[in-house]
Structures are given as C-alpha cells and as structure tokens.
Amino acid sequence: VFCRGEGKDKLWFVHNFTEKNYNLSFLDLKINQKSHLNTQWKDCLSDEIISKPYLLLKPYSVLWLMQINEEKLNGR
C-alpha cells in the first residue's frame with residue numbers, strides 16, 4: 001500500500017500479492033481521520049464505489065483508490 005498526491009487528488013494504491021482473499025480496514029491504511037473513514041471511495045481502475053470501512057481484496061488484485069465526495073459521485 002502506498003499513496004501519491006495531496007488533498008482531494010490523493011490516490012491510494014493497494015495490492016494483494018497473495019493467492020488468498022485479504023480483508024483490509026481503512027484503519028490499516030492509517031486513514032484515521034473521521035473525514036476519510038465516513039466517506040466513499042472509488043477504485044479508479046474499475047470505477048467501483050466503495051462505501052464500507054474495509055476492503056475485500058481478491059487474490060493478486062490491484063486497487064487505485066480515491067476519496068470521492070457528492071460532486072465527484074454525480075459527475076460534477
């Protein structure tokens with residue numbers, strides 16, 4: 001897991017290099033600010049919206065996560 005960028009343009013890169021599913025809490029990513037924990041995220045590779053406080057990573061999966069707000073969600 002690593003991140004690049006700042007503020008609203010920050011991206012989190014999450015990789016599961018194992019052959020097993022892996023549960024990952026956003027707390028594990030050291031995202032401990034309430035503004036990050038109570039928000040939605042978008043996987044920029046699949047366009048999936050994630051609104052849970054954790055991720056289920058499939059084997060060998062890669063996610064590029066960006067925090068989204070209501071404006072981004074509605075395409076504004």
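Below, each value reflects all heavy atoms present in this structure, side chains not excepted, and no hydrogens, waters or symmetry copies.
- Pairing each heavy atom of Ser51 with each of Gln40, the nearest pair is CB-NE2, 3.6 Å.
- Between Trp64 and Phe13, the ring planes lie perpendicular to each other; the angle is over 60°, past the 30° to 60° tilted range.
- One distance of note links CG of Leu55 with OH of Tyr22; it measures 10.5 Å at 0.5 Å rounding.
- In this structure the side chain of Lys52 never reaches within 4.5 angstrom of the side chain of Trp41, judged on heavy atoms.
- When atom types are taken as modelled, the side chain of Asp43 and the backbone of Glu48 share no donor-acceptor pair closer than 3.5 angstrom.
- Atoms CD and NZ, from Gln67 and Lys42 in turn, are 14.0 Å apart once rounded to the nearest 0.5 Å.
- A distance of 9.0 Å separates CD1 of Ile50 from CD1 of Ile68, quoted to the nearest 0.5 Å.
- Under the 4.5 Å side-chain criterion, counting only non-hydrogen atoms from C-beta, Val62 is not in contact with Val14.
- At least one side-chain heavy atom of Leu57 sits under 4.5 Å from a side-chain heavy atom of Leu63.
- Linking ILVMFWY residues whenever their side-chain heavy atoms come closer than 4.5 Å, directly or via other members, places Phe2 and Leu45 in the same cluster.
- Within the 4.5 Å cutoff, side-chain heavy atoms of Leu11 are placed close to those of Cys44.
- In this structure, the side chains of Asn21 and Lys58 come closer than 4.5 Å at one or more pairs of heavy atoms.
- A 4.5 Å side-chain heavy-atom check between Val1 and Trp12 finds at least one atom pair inside the cut-off.
- The NZ atom of Lys10 lies 11.5 Å from the CE atom of Met66; values are rounded to the nearest 0.5 Å.
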